Colleague: 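One structure follows; several queries about it will come next.
Atoms within each ligand, like the ligands themselves, are counted from 1 in listed order. Being a predicted model, the structure only gives us computed values, none of them experimental.
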Amino acid sequence: MTGLKASVGSPYARILSVGSAVPSRVLDNEQMVQHIDSSDEWIRQRTGITERRWIAEDENLETLSLAAARQAIERAGLTASDIDAVLLSTVSHFRQTPALAPQLATSLGIVDAVAYDISAACAGFCYGLAQAEALVRAGQARHVLVIGAETLSRMTDVTDRATAFLFADGAGAVVVGPSETNGIGPVVWGSDGAQADAIWQTESWEGAVESGTWPALGMNGRAVFKWATGFIAGAASRCLEESGVSPDELDVFIPHQANNRITDTLLRYLKLPEKVVVARTITGYGNNSAASIPIAMESLLSSGEARSGQTALLIGFGAGLVYAGQVVTLP
Ligand code: UT7
């Protein structure tokens with residue numbers, strides 16, 4: 001033996017396509033304040049949200065994920081047999097095992113796919129994108145389907161004033177594949193487990209069985225807001241630096257859709273010029289965690305506000321606490 005062979009990948013990877021799916025049920029702020037001491041005006045001013053999408057009876061995490069994935073595969077000009085890895089980022093798959101990604105792959109007609117779930121909350125899509133880029137460049141997969149999908153309505157306590165108005169459902173997906181030029185910059189990512197209690201599931205599954213209480217999401221909004229407008233602003237800046245992109249060279253900014261006031265603070269910190277197109281899908285879709293960035297990307301492209309080939313900064317941040325961001329060329 002002359003030594004172990006190593007897999008040979010592509011010099012670069014890029015996002016080939018994006019798809020999305022949102023639930024059919026629309027809930028406005030008046031509907032959300034029925035069980036909490038709040039108002040449409042407060043929610044609009046403090047978050048930017050005017051309405052959100054929650055799943056209807058015939059919709060669930062799987063139906064949303066499949067719809068977004070099918071659109072992404074078709075738009076890439078590929079078929080199921082071209083996809084060899086499926087990564088699902090979600091915190092709302094309510095089975096410890098098996099993961100949902102293998103079932104999604106099978107439903108999509110993808111045979112023998114590498115398939116696993118990623119639990120990185122609102123940073124989940126950017127975590128998945130980083131892994132997809134690495135798999136393609138390392139030669140461990142050729143075309144990777146990355147799905148960010150959530151049904152957070154199933155984990156929302158509608159009587160909790162701190163969260164009831166915020167969380168929502170949806171799915172977005174991209175196909176990442178080989179490229180002659182680079183379309184995905186270096187990822188900037190990390191975590192801080194010391195802040196695990198900033199956003200949490202109110203009951204562990206064991207605790208839920210003992211108490212008979214279905215778990216919900218809890219959040220210390222102020223602590224997360226402070227971290228997102230401080231530390232995350234620095235991380236977003238590092239994404240630009242590490243990709244060698246100046247604020248003037250950026251076309252589009254797609255932060256996780258957590259709160260328009262967080263987005264505004266990031267914009268000021270990064271000193272992005274006015275010409276930069278900024279994602280604001282939280283207004284109509286709420287905060288749908290791992291789904292928010294690909295949904296916003298798809299929305300900006302299909303509305304014509306952003307164009308294929310433009311340079312976009314993505315940054316996701318959330319429960320863990322965890323974060324990840326990268327500069328990409330839009331598909
Ligand atoms: O996606 C994962 C990452 N998540 C995030 O990034 C979320 C980050 N946090 C936030 O977006 C914001 O903290 C919230 C939107 C959740 C809350 O906004 P805030 O401006 O931080 O509110 P606050 O907790 O500082 O409260 C401000 C005021 C208080 O009243 P006083 O003390 O000033 O009189 C609260 O009692 O707003 C009051 N308040 C509300 N009023 C009406 C708090 N919640 C509500 C409410 N409706 N739902």
Colleague: Going by side-chain contact (heavy atoms from CB on, under 4.5 Å), F165 matches just one of N29, T47, D40. Which one?
Modeller: T47

Colleague: T151 side chain to N60 main-chain N or O, any donor-acceptor pair under 3.5 Å?
Modeller: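 No, the answer is negative, given that no donor and acceptor are paired below the 3.5 Å cut-off.
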
Colleague: Below the 3.5 angstrom mark, is there an N/O of A258, backbone or side chain, next to an N/O of ligand 1?
Modeller: no

Colleague: Hey, which atoms in ligand 1 end up nearer than 4.0 Å to a heavy atom of N287?
Modeller: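 Under 4.0 Å from N287, ligand 1 has these atoms: 1 (O), 2 (C).
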
Colleague: Applying the 4.5 Å side-chain criterion to the ILVMFWY set and letting contacts propagate, would L166 and I36 be lumped into a single cluster?
Modeller: yes

Colleague: What atoms of ligand 1 come closer than 4.0 angstrom to any heavy atom of C122?
Modeller: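 Answer, ordered by atom number: 1 (O), 2 (C).
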
Colleague: Report the nearest protein non-hydrogen atom to atom 24 (O) of ligand 1: residue, atom name, distance rounded to 0.1 Å.
Modeller: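 I find the closest protein heavy atom is R222 NE, 3.5 Å.
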
Colleague: List the steps, then state whether salt bridge (charged side-chain N to carboxylate O under 4.0 Å, His left out) holds for D58 with R25.
Modeller: CA-CA 11 Å; D58 58 344; R25 192 153 69 105; over 6 Å; no

Colleague: S39 versus ligand 1: do any nitrogen or oxygen atoms come within less than 3.5 Å of each other?
Modeller: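 N/O-N/O distance under 3.5 Å: no.
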
Colleague: According to a 4.5 Å side-chain heavy-atom criterion applied to Ile, Leu, Val, Met, Phe, Trp and Tyr, with indirect links allowed, do V276 and L270 form part of one hydrophobic cluster?
Modeller: yes

Colleague: Check whether any N or O atom of S38, backbone or side chain, sits under 3.5 Å from an N or O atom of ligand 1, and answer yes or no.
Modeller: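 Yes; at least one N/O pair falls below 3.5 Å.
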
Colleague: Considering only protein heavy atoms, determine whether one is less than 4.0 Å from atom 44 (N) of ligand 1.
Modeller: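 Under 4.0 Å from atom 44 (N) of ligand 1, at least one protein heavy atom found.
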
Colleague: Could you tell me which atoms of ligand 1, counted from 1 in the order shown, lie closer than 4.0 angstrom to a heavy atom of G221?
Modeller: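 In order of numbering, the contacting atoms are 8 (C), 9 (N), 13 (O).
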
Colleague: Show the atoms of ligand 1 that are less than 4.0 angstrom away from any heavy atom in D37.
Modeller: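 The atoms of ligand 1 under 4.0 Å from a heavy atom of D37 are 42 (C), 47 (N).
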
Colleague: Are there protein heavy-atom neighbours of atom 30 (O) of ligand 1 below 4.0 Å?
Modeller: no

Colleague: Could you go step by step and tell me if L300 and T281 meet the side chain to side chain contact (heavy atoms under 4.5 Å, CB included) rule?
Modeller: CA-CA 9 Å; L300 290 174; T281 36; over 6 Å; no

Colleague: Main chain of V18, side chain of E298: is a donor-acceptor contact present, judged purely on distance under 3.5 Å?
Modeller: no

Colleague: Taking T90 for the side chain and A149 for the main chain, is one N or O donor matched with an acceptor at less than 3.5 Å?
Modeller: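 Flag set: sc T90 to bb A149 pair under 3.5 Å.
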
Colleague: What protein heavy atom sits nearest atom 20 (O) of ligand 1, and how far off is it?
Modeller: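 Looking only at protein heavy atoms, the one closest to atom 20 (O) of ligand 1 is R46 NH2, 2.7 Å.
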
Colleague: Among all protein non-hydrogen atoms, which one is nearest to atom 48 (N) of ligand 1, and what is the separation to 0.1 Å?
Modeller: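 In this structure, atom 48 (N) of ligand 1 has R161 O, 3.0 Å as its nearest protein heavy atom.
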
Colleague: Taking 4.0 Å as the limit for heavy-atom contacts, which would you say applies to I199 with ligand 1: side chain only, backbone only, both, or neither?
Modeller: side chain

Colleague: Are more than 12 heavy atoms from other residues, nucleotides or ligands located less than 6.0 Å from atom OH of Y12?
Modeller: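 No, not enclosed.
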
Colleague: Is there a path of hydrophobic side-chain contacts, each under 4.5 Å between heavy atoms of I/L/V/M/F/W/Y residues, joining I83 to L135?
Modeller: no

Colleague: Identify, by atom number and element, the atoms of ligand 1 in contact range of H256, meaning under 4.0 Å from any of its heavy atoms.
Modeller: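 Atoms satisfying the 4.0 Å criterion: 1 (O), 2 (C).
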
Colleague: For a ring-ring contact (aromatic ring centres under 6.0 Å, His included) check, start with the C-alpha distance between Y323 and F231, then their side-chain angles and the critical distance, and finish with the verdict.
Modeller: CA-CA 10 Å; Y323 69 96; F231 180 82; 5.1 Å; yes

Colleague: Counting each atom of ligand 1 from 1 as listed, which ones have a heavy atom of N259 under 4.0 Å away?
Modeller: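 Atoms satisfying the 4.0 Å criterion: 10 (C), 11 (O), 12 (C), 15 (C).
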
Colleague: Suppose I only count heavy atoms of T47 and a 4.0 Å limit; which atoms of ligand 1 are within that range?
Modeller: 15 (C)

Colleague: Any sub-3.5 Å donor-acceptor pair from D28's side-chain atoms to E51's backbone N or O?
Modeller: no

Colleague: Please report which non-hydrogen protein atom sits nearest to atom 39 (N) of ligand 1, along with the residue it belongs to and the distance in Å to one decimal place.
Modeller: W42 CZ2, 3.4 Å

Colleague: Note the single closest protein heavy atom to atom 3 (C) of ligand 1, along with its residue, its atom name and the distance in Å.
Modeller: V224 CG1, 3.7 Å

Colleague: Answer yes or no for atom 33 (O) of ligand 1: protein heavy atom present at a distance under 4.0 Å?
Modeller: no

Colleague: Which heavy atom of the protein is the closest neighbour of atom 16 (C) of ligand 1, given with residue, atom name and distance?
Modeller: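 Nearest protein contact, heavy atoms only, for atom 16 (C) of ligand 1 is M219 CE, 3.7 Å.
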
Colleague: For I262, counting its heavy atoms only, list the atoms of ligand 1 lying under 4.0 Å from any of them.
Modeller: 6 (O), 8 (C)

